[in-house]
Amino acid sequence: MKINPMRRIFIVLLMTLATQAGADTKKYGKKECNEFSGAIDLLLSTTPNLWSKLEKNPSNDAVALELSWTVDLAANYTTIYEAFCTSEE
């Protein structure tokens with residue numbers, strides 16, 4: 001069954017708006033937020049060692065990739081934490 005392109009765009013837009021409408025009401029509990037915080041701390045605690053390795057050998061692509069991945073993942077977790085764990089005081 002072929003779906004009209006305009007109908008497909010409308011459905012995607014509707015799903016996006018529905019997802020965004022409920023995003024501001026979603027909050028994680030204290031346990032989940034502590035786990036996010038712990039994961040962020042763990043990821044960031046590994047970066048000094050990776051920086052040190054990269055400073056010793058700047059052409060080490062594997063370490064550069066691992067460092068990039070670690071920092072990106074910590075940033076993504078931070079975004080989730082800020083969106084769903086911070087209280088509005």
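Bear in mind that the values here come from a model prediction, so they are computed numbers and not experimental data. Along the sequence shown, residues carry numbers from 1.
Scanning all heavy atoms of the two residues, the minimum distance from Ala74 to Ile40 falls at O-CG1, 4.2 Å. Closest heavy-atom contact between Thr70 and Leu43: CG2-O, 3.3 Å. The shortest non-hydrogen separation linking Val63 to Leu50 is CG1-O, 3.6 Å.
For residues 52-63, the set of pairs meeting the side chain to side chain donor-acceptor pair (under 3.5 Å) definition, not counting sequence neighbours, comprises Asn57-Ser59. Counting only residues at least two apart or in different chains, ring-ring contact (aromatic ring centres under 6.0 Å, His included) contacts with residues 32-70 comprise Tyr28-Phe36, Phe36-Tyr77. Here side chain to side chain donor-acceptor pair (under 3.5 Å) pairs that include residues 31-44, with residues two or more places apart or in two chains, are Lys31-Glu35.
The hydrophobic clustering, which links ILVMFWY residues whose side-chain heavy atoms are closer than 4.5 Å, places Leu73 and Leu42 apart.
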